[in-house]
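Structure record follows, encoded as structure tokens.
In what follows, every chain begins at residue 1, and chains take the letters A, B, ... in the order their sequences are listed.
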Amino acid sequence: MDPRINVVEKRLEKIGKVIAIAGGKGGIGKSTVASLLALVLADSNQKVGLLDLDFTGASTHTILGLEDFHFPDEDEGIIPPKLHGISYITITNFTQDHATPLRGQDITNAILELLAITRWDELDYLIIDMPPGINDTTLDIIRLIKKIEFCIVTTPSKITTKVVKKSVELLQELNVSILGVIENMTYPTIHYAKEAFPKSYLGTIPFDETYENAIGDKEKLLETSIANTLRNFTVICDKMC
Amino acid sequence: MDPRINVVEKRLEKIGKVIAIAGGKGGIGKSTVASLLALVLADSNQKVGLLDLDFTGASTHTILGLEDFHFPDEDEGIIPPKLHGISYITITNFTQDHATPLRGQDITNAILELLAITRWDELDYLIIDMPPGINDTTLDIIRLIKKIEFCIVTTPSKITTKVVKKSVELLQELNVSILGVIENMTYPTIHYAKEAFPKSYLGTIPFDETYENAIGDKEKLLETSIANTLRNFTVICDKMC
Amino acid sequence: MHEWALADAVITTAKKVAKEENLIKVTEIVVKIGELQTISREIFETALQQVLKDAPDLFNEVTCKLEIEPAGFKCMNCGHEWLFSDVKKNLDDDETESIHFIPETAHVFLKCPTCKSPDFEIVKGRGIWVDSIEGEK
Amino acid sequence: MHEWALADAVITTAKKVAKEENLIKVTEIVVKIGELQTISREIFETALQQVLKDAPDLFNEVTCKLEIEPAGFKCMNCGHEWLFSDVKKNLDDDETESIHFIPETAHVFLKCPTCKSPDFEIVKGRGIWVDSIEGEK
Ligand SMILES: Nc1ncnc2c1ncn2[C@@H]1O[C@H](COP(=O)(O)OP(=O)(O)O)[C@@H](O)[C@H]1O
Ligand SMILES: Nc1ncnc2c1ncn2[C@@H]1O[C@H](COP(=O)(O)OP(=O)(O)O)[C@@H](O)[C@H]1O
Ligand SMILES: [Mg+2]
Ligand SMILES: [Mg+2]
Ligand SMILES: [Mg+2]
Ligand SMILES: [Mg+2]
Ligand code: NI
Ligand code: NI
Ligand SMILES: [Zn+2]
Ligand SMILES: [Zn+2]
């Protein structure tokens with residue numbers, strides 16, 4: 001018997017909302033939304049955790065500007081290190097940001113291990129940055145975290161819309177709670193999400209040319225129009241504002 | 001014993017070059033480059049195959065405008081249906097483009113099955129569209145197709161550059177042949193690839209605003225600057241021109 | 001008929017084993033046919049005979065034993081176990097044909113009868129499997 | 001010491017089993033400690049005793065048996081099999097510590113000794129595993 005499965009719910013019991021930032025497609029801004037949402041929440045004095053589950057494509061440490069990788073402190077488990085006020089777990093603290101080639105079964109095991117040993121303690125929000133695809137990570141999160149809610153990201157592209165629509169349909173079939181769909185990197189002229197996801201459409205995040213230069217810098221990130229738009233998505237962050 | 005493994009090399013023996021379009025990161029243009037490279041090669045009278053191995057994020061059928069999903073013909077295996085002159089295998093022909101939630105082990109099995117039963121026959125190039133990440137698909141392709149060569153796509157973004165760099169380092173450690181690195185969706189001002197990948201940098205593909213409207217339309221796709229740039233990458237397509 | 005390609009894989013495997021183990025004669029090949037892939041015993045028998053026509057002499061006296069293995073699933077989400085035979089009547093012809101080509105498409109067309117999850121394991125009876133190869137040295 | 005969290009998982013699992021099987025007393029828990037995670041028997045024993053202090057009465061007379069399971073790997077690329085004990089001397093302290101927290105980071109720090117691939121299976125001895133739970137009804 002794998003003892004870890006039985007302790008996952010207990011480790012998350014003091015957390016208000018557990019939100020997976022997903023979409024099924026890569027490069028749509030999941031890590032951007034996850035990181036900036038966590039920053040914006042912390043900046044609004046919410047207790048927020050960030051769990052980066054994109055092990056091979058880990059990006060939140062780059063966005064948030066984590067440069068020194070070190071092991072978390074231990075006390076009846078591991079205590080998430082704080083970064084910009086966020087309780088933050090990324091596999092890069094264990095791999096020193098080396099390439100991490102894992103098969104599905106390894107990913108399942110690593111997720112279970114992290115969920116079993118991490119002591120998040122009390123949080124208003126735990127934000128989970130998801131990898132692209134509908135894969136072991138997606139299936140495990142649905143199976144292991146019964147209170148999970150999905151926030152879906154999409155972009156104004158025919159390719160993205162088709163892929164994201166399929167993921168959303170699957171989540172709906174599985175009765176997984178969907179907080180809403182955000183259309184990211186919109187230009188003034190092209191939009192698809194409002195029509196493709198009429199029931200769950202939340203709004204748009206503009207393409208922000210200043211973002212590239214803000215990456216790694218907390219203050220600049222909080223000034224991007226991405227962060228400012230996220231502050232207004234009260235459907236996701238219902239305790240905010 | 002799994003009999004399929006022993007027949008993979010035999011099924012690919014009449015193929016000149018087998019090229020995986022990869023990068024480790026999502027949304028960088030892998031499917032775009034794979035589809036347009038296949039189109040450009042077919043348009044230059046090369047015998048070309050396209051194998052879409054991004055099962056949950058399949059996109060090449062959208063780009064190439066495949067609308068009717070039907071089973072391939074059978075003759076001592078399956079015969080890849082032709083689309084715009086390309087011998088084309090996509091899982092959407094089997095799933096009717098439904099959501100395809102597969103764990104790593106299922107992906108391995110589906111890849112093995114496709115490689116064991118598909119009769120590509122004689123080809124100059126087989127282009128493989130890879131999913132994001134360093135995962136079961138990547139590891140299986142390296143393990144099963146000894147003559148595989150990787151063409152790496154990246155974008156002018158700090159996040160992408162870090163992730164892609166890690167994949168490239170892993171491939172190099174594994175002595176997998178890398179044809180080169182293409183920087184896609186470049187703007188006139190930002191570039192990282194030339195510096196990040198000094199030895200294997202091939203060139204840039206500009207961000208093309210006409211692409212979104214060309215998706216699904218062969219003639220328009222062939223007129224994009226993406227297609228025109230790919231025509232000039234003779235390192236990849238050494239028999240072309 | 002795409003079964004030929006799988007039969008070819010079986011004989012190619014037997015050739016490899018014969019070489020590795022220095023067999024001068026292959027006498028018996030036992031093949032499991034997973035129920036999920038709905039490959040008929042007759043069709044696969046025919047395919048094997050076709051492939052064997054072009055096989056080297058060491059296969060002249062081989063007997064191929066085919067055994068159908070029932071397919072079974074276990075849900076990763078709720079732990080429920082069930083058999084393919086209980087649910088296959090719910091599949092239409094196209095869905096069965098998809099699974100015939102690529103058994104993993106079962107995750108697209110089948111769900112756990114208890115919790116409706118597509119996240120199940122194919123515990124047994126997936127597809128073609130070589131159980132044993134016997135011969136003389 | 002993060003072992004407490006894993007010990008807590010073991011006792012939580014025993015509680016669950018006791019409830020499901022209507023045990024009034026848990027008498028024995030056998031835990032396998034996978035060598036790969038380099039958890040010391042003494043530390044895990046201490047962690048279990050700490051967790052048991054707050055456990056309900058049905059654990060009053062429980063004995064916890066800890067068995068170290070050697071870790072072994074099999075290469076997916078070339079088929080080579082090897083033991084962790086043969087290669088662990090090549091790891092530095094930080095690498096061992098990473099694997100201590102998340103055994104899958106072995107794929108970052110270890111390679112197949114034959115073909116240098118990181119694509120290997122952890123066949124046995126990964127981490128903490130509950131082998132059996134015994135009690136009285
Ligand atoms: N609103 C935005 N404005 C400008 N660039 C963005 C925006 N959102 C994402 N990006 C860029 O798009 C790329 C993909 O974003 P990322 O958050 O890594 O997506 P994912 O996690 O879905 O792969 C990155 O290069 C990032 O810098
Ligand atoms: N050169 C380009 N010009 C304009 N848009 C592009 C270009 N390359 C890719 N895109 C767009 O970027 C997104 C990601 O491309 P895609 O080929 O699906 O990437 P991947 O296969 O790596 O996920 C799509 O919306 C696509 O339309
Ligand atoms: Mg990401
Ligand atoms: Mg793609
Ligand atoms: Mg049908
Ligand atoms: Mg070190
Ligand atoms: Ni058939
Ligand atoms: Ni420890
Ligand atoms: Zn179920
Ligand atoms: Zn090896």
Please check: side-chain N/O of A/Q105 versus main-chain N/O of B/G104, any donor-acceptor pairing under 3.5 Å?
no

When you measure from the side chain of B/K30 to the backbone of B/A20, do you find a donor-acceptor pair of N or O atoms at a distance under 3.5 Å?
no

Do you know which of B/K25, B/H98, B/K162 has the most heavy-atom pairs with chain A at a distance under 4.5 angstrom?
B/K162

Chain A shares the most heavy-atom pairs under 4.5 Å, among B/I190, B/L139, B/N135, with B/L139

Compute whether any side-chain donor of one residue and acceptor of the other, for A/D129 and A/T60, lie under 3.5 angstrom apart.
no

In this structure, which one of A/N175, A/L171, A/T137 forms a side-chain contact (heavy atoms from CB on, under 4.5 Å) with A/I142?
A/L171

Is the shortest distance from a Lys or Arg side-chain nitrogen in A/R231 or A/D43 to a carboxylate oxygen in the other one below 4.0 Å?
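Yes, charged N to carboxylate O under 4.0 Å.
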
Most heavy-atom pairs under 4.5 angstrom with chain B, which of [options]?
{"options": "A/D140, A/D106, A/T108", "result": "A/D140"}
{"options": "A/E212, A/K165, A/K158, A/E173", "result": "A/E212"}
{"options": "A/T100, A/I159, A/T155, A/L170", "result": "A/I159"}
{"options": "A/P101, A/G216, A/G57, A/P132", "result": "A/P101"}
{"options": "A/V163, A/D136, A/I215", "result": "A/D136"}

Please flag which part of [X] lies under 4.5 Å from any non-hydrogen atom of chain A: side chain, backbone, both or neither.
{"X": "B/Y211", "result": "side chain"}
{"X": "B/D97", "result": "both"}
{"X": "B/P131", "result": "neither"}

Distance from A/K194 atom NZ to A/L202 atom CG, nearest 0.5 Å?
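Between atom NZ of A/K194 and atom CG of A/L202 there are 12.0 Å.
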
Where does A/T138 contact chain B at under 4.5 Å (heavy atoms): side chain, backbone, both or neither?
neither

I would like to know whether A/F55 and A/I111 meet side-chain contact (heavy atoms from CB on, under 4.5 Å); could you show each step before the answer?
CA-CA 9 Å; A/F55 296 147; A/I111 292 175; 3.8 Å; yes

Residues, nucleotides or ligands: over 12 heavy atoms within 6.0 Å of B/E149 CD
yes

